[in-house]
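Given the structure is predicted, the values throughout are model-derived calculations rather than measurements. Because only heavy atoms are used, hydrogens play no part in the values below, and waters and symmetry mates are left out as well, while side chains stay in.
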Amino acid sequence: MVRIMDVLFLRDFKLETIIGLYEWERKAPQPILIDLEIGLYDHKAGHSDDIADTIDYGKVAARIREFATANRFHLVEALGEHIADIVRSEFGAPWVRVTLRKLAILRGVKELGIVIERGSRL
């Protein structure tokens with residue numbers, strides 16, 4: 001049996017949250033960028049043109065923004081893990097890849113972050 005997977009994506013999704021280990025990082029929200037890839041086994045939406053047959057990326061983005069602004073994290077790994085859990089458990093995605101980047105935190109480093117992949121791609 002061949003399984004087909006479509007992948008919805010959000011690139012450079014910017015939001016602000018309190019994240020970091022150091023006291024200076026925890027004083028004010030800082031910008032982070034998220035790239036999100038969401039796997040879909042069923043490709044009905046491509047034929048039906050109906051939002052009910054897919055995952056509404058607007059709702060995903062709103063939920064992640066709500067979660068990230070309401071919580072504080074020490075590690076990018078923790079925030080990335082929670083985002084992956086939200087996408088899989090609340091939106092029913094069988095597979096997700098979350099790339100989370102903090103910007104200009106270390107001298108000479110433009111971005112740092114984590115890539116988390118959860119679930120079965122096929």
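- Residues G39 and P94 share a closest heavy-atom pair of O-CD, 3.0 Å.
- A pairwise comparison of heavy atoms in P31 and K14 identifies CB-CE, 3.7 Å as the closest pair.
- We find the CG-OH distance between L36 and Y57 to be 13.0 Å, quoted to the nearest 0.5 Å.
- A search for ring-ring contact (aromatic ring centres under 6.0 Å, His included) contacts involving F67 returns F73, H82, not counting sequence neighbours.
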I32/L79 under side-chain contact (heavy atoms from CB on, under 4.5 Å): CA gap, chis, key distance, verdict: CA-CA 11 Å; I32 60 170; L79 178 54; 3.5 Å; yes
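- Heavy-atom minimum distance, S48 versus D53: OG-OD2, 2.5 Å.
- For the atom pair CD of E90 and CD1 of I64, the computed distance is 9.5 Å after rounding to the nearest 0.5 Å.
- Distance check: L10 CG to T99 OG1 gives 12.0 Å after rounding to the nearest 0.5 Å.
- Residues satisfying the side chain to side chain contact (heavy atoms under 4.5 Å, CB included) criterion with E66, sequence neighbours excluded, are R63.
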For residues 16-24, run the donor-acceptor check on the side chains, cut-off 3.5 Å, and write out each pair with its distance to 0.1 Å, sequence neighbours left out.
| from | atom 1 | to | atom 2 | distance (Å) |
| --- | --- | --- | --- | --- |
| T17 | OG1 | A68 | O | 2.5 |
| T17 | OG1 | N71 | O | 3.3 |

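- The distance from atom CD1 of I116 to atom CD1 of I83, rounded to the nearest 0.5 Å, is 8.5 Å.
- Only one option out of L8, V60, I55 pairs with V87 in a side-chain contact (heavy atoms from CB on, under 4.5 Å); it is V60.
- In this structure D49 satisfies the side-chain hydrogen bond (donor to acceptor under 3.5 Å, both in side chains) test with no other residue, sequence neighbours excluded.
- Of the residues listed (L33, T69, I34), the one engaging L15 in a side-chain contact (heavy atoms from CB on, under 4.5 Å) is I34, and it is the only one.
- Side-chain contact check for I38 versus F91: every heavy-atom pair is 4.5 Å or farther apart.
- When all heavy atoms of R88 and W95 are compared, the closest pair comes out as NE-N, 4.5 Å.
- Applying the salt bridge (charged side-chain N to carboxylate O under 4.0 Å, His left out) test to residues at least two apart or on different chains, the pairs with a partner in residues 92-102 are D12-R101, E25-K102, D35-R101, E37-R97, R97-E117, R101-E111.
- How far CG of L40 is from CG of D6: 6.0 Å, rounded to the nearest 0.5 Å.
- Scanning all heavy atoms of the two residues, the minimum distance from A45 to T54 falls at CB-CB, 3.7 Å.
- Residue pairs that meet the salt bridge (charged side-chain N to carboxylate O under 4.0 Å, His left out) test with at least one member in residues 70-83, sequence neighbours left out, are E81-R118.
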